[in-house]
Peer 1: 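Starting off with a structure, shown below.
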Amino acid sequence: MANVWVWTLIVGGVGLVYADNLGIFIIAAVIITLIYSSYRARQYYKRYQQAQKILPYLYNTPTASVERLDCYVKCMGILVNENNLQTPLTHKACNMFFTQQWGLWQAKLKKPQKGYETAKKNLATLVSSEPLLIKTSHGIISLEPQNFLPNALLLMHSTKLEFAEPVFPITVLGKIHAYKKYEVSEYSAERHNQVVLLGKLVRKDGQLVLIPTFSKHHPSIFCLGDFAHIEDFVKDNAMQLYQYVKLHSFVPPLLNTLILIYLLLQ
């Protein structure tokens with residue numbers, strides 16, 4: 001939405017200074033900018049409404065059971081695996097870990113914006129391979145971390161540290177940038193942790209297994225804790241989006257309207 005602000009200031013400034021000579025052009029430019037920014041406001045507001053509606057949808061997602069095979073389900077329970085593993089970065093005892101190494105560099109902002117922003121690229125991912133077992137009211141449900149975690153929204157505490165050199169070998173192919181520093185994010189869980197998981201329930205080798213959905217309309221979620229953590233996350237993101245909408249979408253049309261009224265009165 002930065003371009004809306006830029007055009008608002010340009011059109012507004014030119015309109016105030018040169019209204020007598022370029023009145024028709026300025027009025028037309030203001031109207032076009034007003035229509036465009038109003039359209040953007042409507043698009044972002046729709047996204048905000050969608051964020052609000054997702055909570056009841058997640059609440060009403062059916063609980064994982066044998067009757068819900070090949071369905072999008074909610075799995076709530078306790079992790080029963082022993083803490084036989086160690087996290088790659090902090091060497092903490094755990095029964096699951098998911099670690100990512102990012103390369104950070106300064107990249108130019110896209111035009112018409114000027115300046116630089118911090119960009120990041122995932123250079124390595126380390127995931128525990130031992131299946132996780134979740135004890136639920138409907139029995140034991142398993143999850144394959146290497147398959148599920150890289151494709152899920154992780155709502156859990158993470159350890160983030162920065163380094164001057166890569167900690168783990170770079171395993172991702174692609175363009176290599178002049179990285180300024182490296183960031184490592186590490187997630188882990190332990191025995192008896194409470195979890196809420198959302199995904200697709202299938203049967204493999206006689207066992208119930210939760211797999212990722214690969215669908216934005218049915219998000220795969222790994223939440224450490226109870227459903228309140230998911231609720232807080234959705235509400236916080238909806239509020240941040242709404243504040244973004246108000247600042248970047250509603251204000252430019254208001255300014256353009258005031259400028260248009262001033263020009264019409266000249």
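These numbers were taken from a predicted model, which means no experiment stands behind them.
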Peer 1: What do the steps show when you test Leu197 against Ile221 for side chain to side chain contact (heavy atoms under 4.5 Å, CB included), and what is the final call?
Peer 2: CA-CA 5 Å; Leu197 314 173; Ile221 298 177; over 6 Å; no
Peer 1: In terms of the angle between their ring planes, are Tyr57 and Tyr72 parallel, tilted or perpendicular, with boundaries placed at 30° and 60°?
Peer 2: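 Judged by the thresholds at 30° and 60°, the geometry between Tyr57 and Tyr72 is parallel.
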Peer 1: Who pairs with Asp226 by side-chain hydrogen bond (donor to acceptor under 3.5 Å, both in side chains), at least two apart in sequence or on another chain?
Peer 2: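 With neighbours one apart ignored, the set is His229.
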Peer 1: Side-chain donor-acceptor contacts of residues 145-169 below 3.5 Å, not counting sequence neighbours, with atom names and distances?
Peer 2:
unit_1 : atom_1 : unit_2 : atom_2 : d
Asn151 : ND2    : Asn147 : O      : 2.8
Glu162 : OE1    : Lys181 : NZ     : 3.1

Peer 1: Kindly write out the residues that satisfy salt bridge (Lys or Arg N to Asp or Glu O under 4.0 Å) with Lys121, not counting sequence neighbours, or none if the list is empty.
Peer 2: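 Partners of Lys121 under the salt bridge (Lys or Arg N to Asp or Glu O under 4.0 Å) test: none.
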Peer 1: Anything under 3.5 Å between a donor and an acceptor, one on a side chain of residues 78-87, the other on a protein residue two or more places apart or in another chain? List them.
Peer 2:
unit_1 : atom_1 : unit_2 : atom_2 : d
Asn81  : OD1    : Leu133 : N      : 2.7
Asn81  : ND2    : Glu130 : OE2    : 3.4
Asn81  : ND2    : Pro131 : O      : 2.8
Asn83  : OD1    : Arg191 : N      : 2.8
Thr87  : OG1    : Thr90  : OG1    : 2.8
Thr87  : OG1    : His91  : N      : 3.1
Thr87  : OG1    : Lys92  : N      : 2.9
Thr87  : OG1    : Glu186 : OE1    : 3.2

Peer 1: Roughly how far, to the nearest 0.5 Å, is the OG1 atom of Thr136 from the CG atom of Leu208?
Peer 2: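 Those atoms lie 8.0 Å apart.
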Peer 1: Apply side-chain hydrogen bond (donor to acceptor under 3.5 Å, both in side chains) to Ser128 and list each qualifying residue two or more places apart in sequence or on a separate chain.
Peer 2: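 Once residues adjacent in sequence are excluded, Ser128 has no partner under the side-chain hydrogen bond (donor to acceptor under 3.5 Å, both in side chains) criterion.
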Peer 1: Could you grab the distance from atom OG1 of Thr61 to atom NE2 of His218, nearest 0.5 Å is fine?
Peer 2: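 It is 8.0 Å, given to the nearest 0.5 Å.
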Peer 1: Show which residues join Val209 in its hydrophobic cluster (side-chain heavy-atom contacts under 4.5 Å, direct or indirect), or state none.
Peer 2: Val202, Ile211
Peer 1: Rounded to the nearest 0.5 Å, what separates atom CD in Gln106 from atom NZ in Lys180?
Peer 2: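 It comes to 7.5 Å.
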Peer 1: For Lys120, what residues pass the side-chain hydrogen bond (donor to acceptor under 3.5 Å, both in side chains) criterion, not counting sequence neighbours?
Peer 2: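 Lys120: side-chain hydrogen bond (donor to acceptor under 3.5 Å, both in side chains) contacts with Glu183.
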Peer 1: Got a sec, which residues hit ring-ring contact (aromatic ring centres under 6.0 Å, His included) with Phe227, two or more places apart in sequence or on another chain?
Peer 2: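 Tyr59.
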Peer 1: Among pairs that include at least one residue of residues 54-80, which meet salt bridge (charged side-chain N to carboxylate O under 4.0 Å, His left out), considering only residues two or more places apart or in two chains?
Peer 2: none
Peer 1: Could you list the residues that satisfy ring-ring contact (aromatic ring centres under 6.0 Å, His included) with Tyr187, not counting sequence neighbours?
Peer 2: none
Peer 1: Please name all residues satisfying side-chain hydrogen bond (donor to acceptor under 3.5 Å, both in side chains) with Thr213, sequence neighbours left out, ordered by chain then number.
Peer 2: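 Per chain and number, Thr213 pairs via side-chain hydrogen bond (donor to acceptor under 3.5 Å, both in side chains) with Ser220.
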Peer 1: Looking at NZ of Lys135 and NE2 of His192, how far apart are the two atoms once the value is rounded to the nearest 0.5 Å?
Peer 2: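 Going from the NZ atom of Lys135 to the NE2 atom of His192 covers 9.5 Å.
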Peer 1: Quick one: do Val73 and Leu210 satisfy side chain to side chain contact (heavy atoms under 4.5 Å, CB included)? Show the steps, please.
Peer 2: CA-CA 9 Å; Val73 298; Leu210 197 70; 3.7 Å; yes
Peer 1: Once you round to the nearest 0.5 Å, how far does CG of Leu123 lie from OH of Tyr182?
Peer 2: 7.0 Å
Peer 1: Find the distance between CD1 (Ile134) and CG (Leu143) and round it off to the nearest 0.5 Å.
Peer 2: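 Ile134 atom CD1 to Leu143 atom CG measures 5.0 Å (nearest 0.5 Å).
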Peer 1: Could you name each residue pair satisfying side-chain hydrogen bond (donor to acceptor under 3.5 Å, both in side chains) that touches residues 193-211, not counting sequence neighbours?
Peer 2: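 Qualifying pairs, neighbours excluded: none.
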